[in-house]
Amino acid sequence: MRVMRMHRVFASALIGQAFLSAAVLAGSANYWFASRYTWEGKQGFFFQFENKAEVATLGLDTLKLVLGVADGQQWGFAFGQGPWQYDRTYAAKAVMGPSSAELWLDGKLCGKIERGLVPFSGRVSTDQPVDWARDPATYGVAIESLSMSSTAGDSFRLTRPADKIPLALRLFQPGTGRSLEWTLEPSAVTTIEVAFRLEKRPDIRTLAPFIDPYGQAVASDWPGKVRSDRDFLEDFVAEKKTLEQLPKIEGYDRFGGYTRAGWQEQASGFYAVACRNGYWWLVTPEGNPCFYVGMDSLPSTVFECTPITDREWLYAWLPPHDGPFRPFWRGAAWGGGDGAEYGCFHTANLIRKYGSNDWEHAAVARADERIRRLGFSGGGKWGALPNLPVTPVLSHYGVPNLVGHPDVWDPAVQAKFRAELERQIAPQKADPWVLGWSLGNEYDELVTRKETRQVLEKPADVPAKRALMDYGLDALYGGDLAKLGAAWGVSANSRAELYGTAPKPPDGDLERLRLHYERTYFKFVYETVKAIDPRHLYLGFWLAVYWWESEDDWRAIAPYCDVIGYDRYGETFADATLQRLFQETGKPVLCGEFSFPAFYGGERGFGRYGTFVDTDADAGAAYARWVETAARNPWCLGVQWFMYRDQDLTGRGAGKGADLVYGEHYAFGIITVTDRIKWELALPMRQANLAAAGWRLDAAKNKR
């Protein structure tokens, strides 16, 4: 998801057909049939198509089938080679066990790997292009069926629907993959079978325009699609009537606290946490217990945007740069300096709906009314509404990075870091609507193994390098330079000489160095934020569950926050791994992002996210189950839905050129791009929101 989970792709077709393209010279184009691994950690597997060549557009002649399996010590590989043909169905199979693995193609053994699979924990990604390898190709991969089975008893099967979606809609789906809750047992044999075709990539210009004047797919049709400006007026009246008919919400303070719990904590004027009968609670500034249900990305009046430059032909209508639709246009929306222009169809629709004179004020007021009447406690990440709680995300953009993070051993960098945090925090130090601070987001805030290795390659006078070398010498080798030198491949007679070397520590040492850097970084940020503002909670950095280097990232942040803020996209609130980490670290937690975006059978042009559901009604049911499970969990203080409105069909990522989709384009929202409430999602949300505090009280009361 990441700020956001960004990827770059041209187009794709239903259940796995990915027509990969970009306006740059090629390097690689990979496609996962199934994968779950850590490359640096040498655990897990990937079963994929791989294509690498120094050509402008990759073709079938360099395409290879690859199975990679790691045993915790090394990677092993097996390959299947063409010649490949278009529009022929192939059958590939991977068999992975505790002592060996095999790759099969059309009933013939391609290769055997003489090492067993050591699983990497987490979800298995299936049927999708690889984010970092999506260069231009002449072909697409069309999955007809994919199945996974295990001698431990688990099974999964995905088949291509019989109905045909128009090509102009299928091309919108860059990652039609599914992320599975799958446990890979070390002693079991896992078998993955896939039937696929290779299809020739079309010239998408012959199918333009793809987007109508309201930001909807031209080739799609469904009840509720906006067809004229008059529809906005009718929807405004109908929504207002529905909202006003909802029963009045009572029993909550203005910060989302439940006033009928039968108990209170001492009011502090700020959010706090308390543990009663083994259950953690968020406590509002007025002292009332709260299970927080938030909404991310409020109010989304001018953001997110989609790139327009060099692909104007995708759109049936674009507004002039002057006049009432001028706010449609944005420059450098994602901080890039490539001169690309971006547009926001949602903004244009708000202007149509609320009028050009006061559209933004009216849209914010309507967003506020929606959130309150639907029973949400307030906002979440990536935006705020006046007089509603929010979880602001701080940044360190004004602080120089050594590699991926500031050098927190450097006194000059520390001073700049403190000043930057003071600048951001000071205006809201006394603001009771701030639930808690966080810094950065998801994977970007992790210190990686690659980054640690790069720090060790820096000059001798870099404070972070010296600190890591000192830690390695003292903590790992008891001050013995000879032992360290032998293990790290360097020769030094003193610390001063050691600092000037370019060591290559073994994987285990590298991981301990990485965690030392990470813990030191987290500690500095936590202590600095609390020194500036001791009254607000600190929520960490929204660790993305399983999008990490290892479980130790959770353990690393736990001592250096008041509440562990994290993001999780999964069918269940907490699997066994996450529940174990909750109990082990003993800290209250707050989920900053989760979602179940509808796919609509591919009929509206949205991508299919890893936690997709079929319809808005399915999303509402999934939300209710997730919130109830979270509310009954002893560690959880609340959850926040990602996000308020749907993303643009042509993507919300950075870029310019002829690609059809840049970045994410999922139906995450409770609001469409035409500013319509998805009632089949919103009303079940309201029911769950208003039941959440009661569910938690019941769980605590009946605790066994």
Side-chain angles (χ1 to χ4, degrees), residues 1-12 18-26 29 129 131-136 168-169 171-175 201 203-205 207-219 297 300-322 325-351 382 597 604-607 609 643 645-669 672-674:
M1 84 157 110
R2 289 202 230 137
V3 171
M4 314 286 189
R5 294 156 287 288
M6 308 254 312
H7 55 253
R8 184 171 181 273
V9 70
F10 175 49
S12 63
F19 297 106
L20 308 177
S21 174
V24 296
L25 286 178
D131 284 349
W132 44 265
R134 296 190 177 191
D135 288 321
L169 290 178
L171 291 173
F172 275 106
Q173 299 165 36
R201 179 177 63 83
D203 179 359
I204 66 171
R205 287 179 180 266
L207 301 172
F210 287 85
I211 303 297
D212 72 13
Y214 303 108
Q216 305 163 123
V218 170
S297 300
S300 292
T301 56
V302 296
F303 197 76
E304 302 161 335
C305 305
T306 193
I308 304 294
T309 301
D310 295 339
R311 58 179 193 156
E312 291 84 354
W313 48 272
L314 290 176
Y315 308 98
W317 170 88
L318 291 171
H321 285 72
D322 294 319
F325 289 107
R326 186 175 183 274
F328 170 93
W329 294 99
R330 293 281 301 276
W334 292 96
D338 58 4
E341 279 195 303
Y342 296 76
C344 185
F345 283 91
H346 184 240
T347 298
N349 290 330
L350 294 178
I351 293 169
W382 320 126
R604 301 190 192 181
F606 291 103
Y609 195 66
M643 58 183 201
R645 74 162 171 89
D646 289 344
Q647 295 173 328
D648 286 288
L649 291 178
T650 49
R652 62 92 187 255
K656 65 178 180 178
D659 288 14
L660 179 58
V661 176
Y662 282 92
E664 297 179 355
H665 73 144
Y666 303 109
F668 284 123
T672 68
V673 70
T674 55

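Just so you know, these numbers come straight off a predicted model, no measurement behind them.
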Visitor: Going by heavy atoms in the side chains, are P597 and F668 under 4.5 Å from each other?
Guide: yes
Visitor: Please confirm whether the backbone N or O of V302 pairs with a side-chain atom of R330, one donor and one acceptor, at under 3.5 Å?
Guide: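 Yes; at least one donor-acceptor contact below 3.5 Å.
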Visitor: Report yes or no: does R311 contribute a side-chain atom to a donor-acceptor pair with the main-chain N or O of D659 at less than 3.5 Å?
Guide: yes
Visitor: How long is the straight-line distance from CE of M643 back to CH2 of W382, given to the nearest 0.5 Å?
Guide: 12.0 Å
Visitor: Looking at CZ of F325 and CG of L318, how far apart are the two atoms once the value is rounded to the nearest 0.5 Å?
Guide: 12.0 Å
Visitor: Starting at CG of L314, measure out to CG of L649 and round the result to the nearest 0.5 Å.
Guide: 11.0 Å
Visitor: On a heavy-atom basis, which atom in C305 and which in Y342 lie closest, and how many Å separate them?
Guide: CB-CB, 3.6 Å
Visitor: Which residues pass the side-chain hydrogen bond (donor to acceptor under 3.5 Å, both in side chains) test with N349, not counting sequence neighbours?
Guide: R352
Visitor: With distance as the sole test, does E341 use its side chain to make a donor-acceptor pair with the main-chain N or O of G339 at under 3.5 Å?
Guide: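 No.
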Visitor: Enter the distance from L350:CG to C344:SG here, rounded to the nearest 0.5 Å.
Guide: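 It is 7.5 Å, given to the nearest 0.5 Å.
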Visitor: Which heavy atom in G655 sits nearest to a heavy atom in P307, and how many Å separate them?
Guide: O-CB, 3.1 Å
Visitor: Among residues at least two apart in sequence or on other chains, which ones pass side chain to side chain contact (heavy atoms under 4.5 Å, CB included) with R604?
Guide: W222, Y600, F606
Visitor: List the atom of H665, the atom of Q647, and the distance in Å for their closest heavy-atom pair.
Guide: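 Residues H665 and Q647, closest heavy atoms: N-OE1, 3.3 Å.
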Visitor: Hey, could you give me the CZ/OG1 distance between R645 and T674, rounded to the nearest 0.5 Å?
Guide: 11.0 Å
Visitor: Can you measure from CG (D646) to CD (E304) and round to the nearest 0.5 angstrom?
Guide: 10.5 Å
Visitor: Do F172 and T650 come close enough that some side-chain heavy atom pair is under 4.5 Å?
Guide: yes
Visitor: How far apart are the closest heavy atoms of A340 and K656, and which atoms are they?
Guide: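 Here A340 and K656 meet closest at CB-CB, 3.9 Å.
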Visitor: Between Y662 and T306, is there a donor-acceptor pair closer than 3.5 Å when you use the side chain of the first and the backbone of the second?
Guide: no
Visitor: Provide the closest heavy-atom pair for A217 versus L169 in the form atom of the first, atom of the second, distance.
Guide: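 Taking A217 first and L169 second, the nearest heavy atoms are CB-CD2, 3.7 Å.
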Visitor: Are the side chains of F328 and F345 in contact, using a 4.5 Å heavy-atom criterion?
Guide: yes
Visitor: Are the side chain of D648 and the backbone of G651 linked by a donor-acceptor contact shorter than 3.5 Å?
Guide: no
Visitor: State, yes or no, whether a side-chain contact exists between F303 and S297 at a heavy-atom distance under 4.5 Å.
Guide: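 A side-chain contact under 4.5 Å is absent here.
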Visitor: Begin with the C-alpha distance, continue with both residues' side-chain angles, and end with the deciding distance and a verdict on side-chain contact (heavy atoms from CB on, under 4.5 Å) for W313 and I204.
Guide: CA-CA 10 Å; W313 48 272; I204 66 171; 3.6 Å; yes
